Chemist: 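So that we are looking at the same thing, I have put the structure below in structure tokens.
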Amino acid sequence: QVQLVESGGGFVQAGGSLRLSCTASGRTFRSYVMGWFRQAPGKEREFVAAINWSGGRTRYTDSVKGRFTISRDSAKNTVYLQMNSLKPEDTAVYYCAAADNGGTLSTQVFFDSWGQGTQVTVSS
């Protein structure tokens, strides 16, 4: 497993932006599919976005398409989630995740490493 550390959460008004970062330990960052999940109070954890090893393929949940962008910098072992046009319903703890599957964003991806989470709060 890889160690993941998130940063960048905070408090923002509706319509604002935040950028989350997740730095991974180890020297095999390129072999991981990286993803972001979130969990709102009283709700189950849900998928937000994922990116393949090269950054050339991404996937998003419908509710964030056009507003969020996932990217990665392999030189820095870091994955980002740029969040624009934030809404109160985006309020949640956001988790970074990694799947040790060679970096291929297949139909089903099993994420087996998780960060500790970072809080994002969007006020109306």
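Everything numeric in this text was worked out from a predicted model, so none of it was measured.
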Chemist: Distance from Thr91 atom OG1 to Leu86 atom CG, nearest 0.5 Å?
Modeler: 8.5 Å

Chemist: Arg30: which residues meet the side-chain contact (heavy atoms from CB on, under 4.5 Å) condition with it, sequence neighbours left out?
Modeler: Trp53, Ser74

Chemist: Can you sort out the partners of Gln13 under side chain to side chain donor-acceptor pair (under 3.5 Å), two or more places apart, ordered by chain and number?
Modeler: none

Chemist: Please give me the minimum heavy-atom distance between Pro88 and Ser124, naming the atom from each residue.
Modeler: CG-CB, 3.8 Å

Chemist: Which residues satisfy the side chain to side chain donor-acceptor pair (under 3.5 Å) test with Gln119, sequence neighbours excluded?
Modeler: Thr121

Chemist: Under 3.5 Å, side chain of Arg59 to main-chain N/O of Ala49, donor-acceptor pair present?
Modeler: no

Chemist: Val33, Tyr60: one ILVMFWY side-chain cluster at the under-4.5 Å cut-off?
Modeler: no

Chemist: Go through the steps for Thr23 and Thr78 under the test side-chain hydrogen bond (donor to acceptor under 3.5 Å, both in side chains), then give the verdict.
Modeler: CA-CA 4 Å; Thr23 301; Thr78 299; 3.2 Å; yes

Chemist: Do Thr69 and Tyr80 touch side chain to side chain, with heavy atoms closer than 4.5 Å?
Modeler: no

Chemist: Which residues satisfy the ring pair (Phe, Tyr, Trp, His ring centres under 6.0 Å) test with Phe11, sequence neighbours excluded?
Modeler: none

Chemist: From Trp36 CH2 over to Thr61 OG1, what is the distance, rounded to the nearest 0.5 angstrom?
Modeler: 16.0 Å

Chemist: Any side-chain heavy atom of Leu20 within less than 4.5 Å of one from Thr118?
Modeler: yes

Chemist: Could you walk me through whether Val79 and Cys96 pass the side-chain contact (heavy atoms from CB on, under 4.5 Å) test, one step at a time?
Modeler: CA-CA 8 Å; Val79 62; Cys96 176; 3.9 Å; yes

Chemist: Rounded at 0.5 Å granularity, tell me how far CZ in Phe68 sits from CG in Asp90.
Modeler: 4.0 Å

Chemist: Applying the 4.5 Å side-chain criterion to the ILVMFWY set and letting contacts propagate, would Leu81 and Phe47 be lumped into a single cluster?
Modeler: no

Chemist: I need the full list of side-chain hydrogen bond (donor to acceptor under 3.5 Å, both in side chains) pairs touching residues 103-117, with sequence neighbours left out, sorted by first then second residue.
Modeler: Glu6-Gln116

Chemist: Group every Ile, Leu, Val, Met, Phe, Trp and Tyr by side-chain heavy-atom contacts under 4.5 Å, then state whether Val12 and Val48 land in the same group.
Modeler: yes

Chemist: Suppose we screen for side chain to side chain donor-acceptor pair (under 3.5 Å). Which residues come up paired with Ser17, at least two apart in sequence or across chains?
Modeler: Asn84

Chemist: Go through the structure and list residues passing side chain to side chain donor-acceptor pair (under 3.5 Å) with Ser63, not counting sequence neighbours.
Modeler: Arg38

Chemist: Can you give me the closest heavy-atom contact between Ala50 and Leu105, atom names plus distance?
Modeler: CB-CD1, 3.8 Å

Chemist: Could you go step by step and tell me if Lys87 and Val122 meet the side-chain contact (heavy atoms from CB on, under 4.5 Å) rule?
Modeler: CA-CA 6 Å; Lys87 304 175 181 180; Val122 184; 5.5 Å; no

Chemist: What ring-ring contact (aromatic ring centres under 6.0 Å, His included) pairs are there with at least one residue in residues 85-113, not counting sequence neighbours?
Modeler: Phe37-Phe111

Chemist: Looking only at heavy atoms, what is the nearest atom pair of Gly103 and Asn52, with distance?
Modeler: O-CB, 3.3 Å

Chemist: Please enumerate all residues that pass salt bridge (charged side-chain N to carboxylate O under 4.0 Å, His left out) together with Arg72, with sequence neighbours excluded.
Modeler: none

Chemist: For a quick test of reading the model, state the closest non-hydrogen atom pair linking Ile70 to Gly35 and the distance between them.
Modeler: CD1-CA, 4.4 Å

Chemist: Enumerate the residue pairs fulfilling disulfide (SG to SG under 2.5 Å) with a member in residues 44-80, sequence neighbours excluded, ordered by first and then second residue.
Modeler: none

Chemist: State the CZ-CD1 distance between Arg57 and Ile51, to the nearest 0.5 angstrom.
Modeler: 12.0 Å

Chemist: Assess the residue pair Asn77 and Ser25 against the criterion (side-chain contact (heavy atoms from CB on, under 4.5 Å)); give the C-alpha distance rounded to whole Å, side-chain angles, the decisive distance to 0.1 Å, and a yes or no.
Modeler: CA-CA 7 Å; Asn77 279 14; Ser25 64; over 6 Å; no

Chemist: Residues in salt bridge (charged side-chain N to carboxylate O under 4.0 Å, His left out) with Lys65, at least two apart?
Modeler: Asp62

Chemist: Met34 and Phe29: side-chain contact (heavy atoms from CB on, under 4.5 Å), yes or no, with the steps?
Modeler: CA-CA 9 Å; Met34 301 299 297; Phe29 184 66; 3.9 Å; yes

Chemist: Within the 4.5 Å heavy-atom criterion, are Asn101 and Val109 side-chain neighbours or not?
Modeler: yes

Chemist: Please, which pairs that meet salt bridge (Lys or Arg N to Asp or Glu O under 4.0 Å) have at least one residue in residues 9-19, sequence neighbours excluded?
Modeler: none

